[in-house]
Amino acid sequence: MRKTVIWLLLLCAFAHGSRHAEEDEQMLIRHFTKEGEIATMNQLRETIGPFRDPLHFRHMNYSTLTDHIHNLHRKYPNLTHIYSAGQSVEGRELWVFVVSRYPKEHRKLIPEFKYVANMHGNEVTGRVFLVSLAETLLQNYNTNLWIHQLVDSTRIHLMPSMNPDGYEHASEGDSSGITGRQNANGKDLNRNFPSRFPNYFPTSDIQPETIAVMNWTRQIPFVLSANLHGGTTLVNYPFDDYPTRTRQAHYAPSPDNALFVRLAYSYARGHERMWKEGPRCLDDDLNVAVDPQNGIINGADWYIVSGGMQDWNYLNTNCFELTVEMNCEKFPKTAKLVKLWEENKYALLKFISLVHEAIHGLVIDAETGEGIVNATVSIDEKAKIVVSYGDGEFWRLTNRGTYELTFDHSDYYPITRTVHVTPQNRSPYIEVPLQRIVPRAKPTRIPIKPANKDEYNVDPYRNKDLRIITMSAVCHQFSSLVILAVILNRVL
């Protein structure tokens with residue numbers, strides 16, 4: 001009897017947490033919809049305008065996929081670039097296909113975006129559609145203004161398969177199985193990133209694919225990302241993890257919860273039916289009783305995942321990432337792909353454009369005008385802190401509103417700037433000069449004669465501008481100290 005009561009209390013607590021989460025979500029959704037921040041599929045169709053869809057939708061194994069994307073690159077060499085983020089356990093490349101006006105390298109004030117698909121090898125819709133998305137962007141570049149502007153203003157990285165080894169074992173027509181889900185070492189890659197709470201569920205034996213994606217995400221300053229899965233139809237957002245040993249679902253909003261709700265619902269509402277309340281799957285045999293009834297959900301409020309990729313992105317990089325469950329069948333038959341593309345294509349395009357809804361700019365040295373790397377940019381005491389890179393560039397996704405941004409660096413005095421994000425200025429640009437705590441010293445002129453090695457010392461670590469510290473300057477300071485000591489000795 002006592003155990004029964006305990007279980008009932010736990011179930012009540014869970015139900016209360018879920019109701020609270022749903023109430024928060026619905027309140028935010030109503031707010032963003034009223035503010036005009038959310039676009040329906042029909043609105044997106046009108047805004048984006050007509051475009052040509054790919055002629056063919058098909059499943060491709062590793063070799064065929066490799067040939068296909070390289071052929072696509074040869075067809076559009078000025079708008080594309082291909083590189084590998086690393087290799088799988090069995091030595092397959094983790095190909096990344098870039099579409100942009102500036103495909104080969106980062107360009108200042110052009111934000112970096114990524115889609116990652118096929119993390120679970122038997123969840124393949126995203127793998128097919130990232131190739132389709134690349135084809136859509138390229139073949140409509142010169143005929144659709146919205147797509148042209150998106151490609152010109154964004155660097156779009158598409159990883160069709162994070163788990164190419166698992167894919168080779170998966171089978172077309174698999175609706176809800178697990179064959180091919182894991183990598184070649186039998187590891188679930190979405191449980192393989194460093195855990196948020198290692199004392200509860202530590203991550204062990206981090207896999208080559210995971211390491212490659214972590215290194216990739218740290219090397220390129222991504223602003224926004226989505227991880228494309230299959231098995232149901234919804235978007236889940238951080239946090240996925242929660243400090244509990246029972247793995248009981250628990251609402252775990254991040255400090256940027258309102259932003260994540262808007263990003264998640266933007267994809268769901270741009271989908272043909274994902275946003276609708278009710279069972280997630282059209283085929284009732286694929287519906288699961290514990291699945292959410294709405295199109296978005298906080299990850300841990302659905303079920304707890306330790307070592308997930310979206311939490312790792314949020315906590316360890318500048319990037320905000322969501323997980324999109326694109327459809328209910330994990331490996332749909334080829335004949336179903338056209339219909340699934342129609343459901344997802346506007347949402348896929350719209351989500352990329354959200355990377356531009358950010359406060360962005362440059363943090364620079366007030367004296368030299370040079371960019372400052374690793375300056376922190378914070379909007380309050382709790383939310384995610386982003387870090388400047390390259391030329392002092394930063395991008396911080398936000399909702400509309402007024403923000404007090406604080407810019408800080410260990411070598412500079414911090415400064416706080418007020419920024420207004422409005423419908424008329426949805427992506428404000430600001431340039432922020434910081435004053436050095438210790439002003440730069442002017443180099444001491446050395447007499448015109450061959451310099452002996454004991455005349456000066458350059459510290460390449462602390463003095464990046466190669467300031468010269470001369471022996472004469474040191475002696476002058478030492479002489480001053482001696483004179484001061486003599487005076488003090490006489491006085492005392």
Side-chain angles (χ1 to χ4, degrees), residues 21 85 111-116 119 157 159 162 187-207 209-227 229 235-245 247 249-264 296-324 354-355 358-359 373-389 394-399 405-406 408:
E112 307 275 357
F113 175 92
K114 66 179 166 74
Y115 272 133
V116 178
M119 184 184 209
H157 302 248
M159 180 183 280
M162 183 180 165
K187 294 290 186 178
D188 186 328
L189 297 179
N190 206 32
R191 311 291 189 279
N192 195 237
F193 285 76
S195 174
R196 183 176 167 223
F197 300 107
N199 292 336
Y200 289 84
F201 295 103
T203 303
S204 61
D205 195 15
I206 297 180
Q207 297 297 291
E209 297 92 341
T210 309
I211 293 170
V213 169
M214 288 195 295
N215 290 337
W216 173 50
T217 309
R218 284 181 171 134
Q219 289 166 3
I220 297 174
F222 292 111
V223 178
L224 180 62
S225 171
N227 179 12
H229 285 244
V235 183
N236 90 65
Y237 56 89
F239 286 122
D240 269 334
D241 207 354
Y242 188 80
T244 174
R245 298 194 187 281
R247 289 197 181 273
H250 196 291
Y251 182 41
S254 76
D256 284 288
N257 187 62
L259 174 62
F260 274 122
V261 167
R262 181 177 64 82
L263 294 172
I296 69 170
I297 190 168
N298 172 259
D301 193 41
W302 185 13
Y303 58 88
I304 288 175
V305 170
S306 296
M309 186 162 70
Q310 67 178 12
D311 282 9
W312 183 86
N313 269 263
Y314 180 70
L315 294 170
N316 295 278
T317 74
N318 282 352
C319 190
F320 291 77
E321 181 170 282
L322 303 173
T323 301
V324 180
L354 298 180
V355 74
I359 301 170
V373 178
N374 292 327
T376 59
V377 184
S378 56
I379 63 173
D380 60 32
E381 295 180 355
K382 295 181 179 180
K384 179 181 179 70
I385 294 172
V386 300
V387 179
S388 64
Y389 50 88
F394 72 93
W395 289 77
R396 211 305 179 178
L397 293 170
T398 62
N399 293 321
L405 267 69
T406 299
D408 200 2

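Atom CG of N298 sits about 8.0 Å away from atom CG of N236, to the nearest 0.5 Å. Rounding to the nearest 0.5 Å places CG of D256 at 4.0 Å from CZ of R396. A distance of 6.5 Å separates CG of D241 from CD1 of I304, quoted to the nearest 0.5 Å. Atom NE2 of H157 sits about 10.5 Å away from atom CZ of F113, to the nearest 0.5 Å. Summarising the geometry, atom CG belonging to D240 is positioned 11.0 Å from atom OG belonging to S195; distances are rounded to the nearest 0.5 Å. Here the straight-line distance linking atom CD1 of I359 with atom CG of L405 works out to 4.5 Å at 0.5 Å rounding.
I206 meets the side chain to side chain contact (heavy atoms under 4.5 Å, CB included) test with N192, P194, T203, T210, I211, M214; sequence neighbours excluded. Y242 meets the ring pair (Phe, Tyr, Trp, His ring centres under 6.0 Å) test with H250; sequence neighbours excluded. With sequence neighbours left out, S378 forms a side chain to side chain contact (heavy atoms under 4.5 Å, CB included) with I385, T406. Under the salt bridge (charged side-chain N to carboxylate O under 4.0 Å, His left out) criterion, E321 pairs with K114, sequence neighbours left out. Every side chain to side chain contact (heavy atoms under 4.5 Å, CB included) that Y389 has, sequence neighbours left out, goes to H106, P221, N318, E393, W395. With sequence neighbours left out, E209 forms a side chain to side chain donor-acceptor pair (under 3.5 Å) with N183. With sequence neighbours excluded, the residues that form a salt bridge (charged side-chain N to carboxylate O under 4.0 Å, His left out) with D188 are R181, R191. In this structure F394 satisfies the ring pair (Phe, Tyr, Trp, His ring centres under 6.0 Å) test together with F407, sequence neighbours excluded. Contacts of F260 classified as ring pair (Phe, Tyr, Trp, His ring centres under 6.0 Å), with partners at least two apart in sequence or in another chain: Y314, F320. Listed by chain and residue number, E37, E357 satisfy the salt bridge (charged side-chain N to carboxylate O under 4.0 Å, His left out) test with R262 (two or more places apart in sequence, or in another chain). Annotation: ring pair (Phe, Tyr, Trp, His ring centres under 6.0 Å) contacts of F193 (sequence neighbours excluded): W312. Applying the side chain to side chain contact (heavy atoms under 4.5 Å, CB included) criterion to N199, with sequence neighbours excluded, gives no partner residue.
Closest of all the heavy-atom pairs between N190 and V305 is O-CG1, 3.3 Å. Taking each heavy atom of W302 and I297 in turn, the nearest pair found is CB-CD1, 3.7 Å. Across all their heavy atoms, V355 and V223 have their closest contact at CG2-CB, 3.6 Å. Of all heavy-atom pairs spanning L315 and K384, the tightest one is N-NZ, 4.4 Å. Of all the heavy atoms in A383 and P255, the pair that sits closest is CA-CB, 3.6 Å.
The closest side-chain heavy-atom distance from V213 to M159 is below 4.5 Å.
A donor-acceptor contact closer than 3.5 angstrom is absent between the side chains of Q310 and N227.
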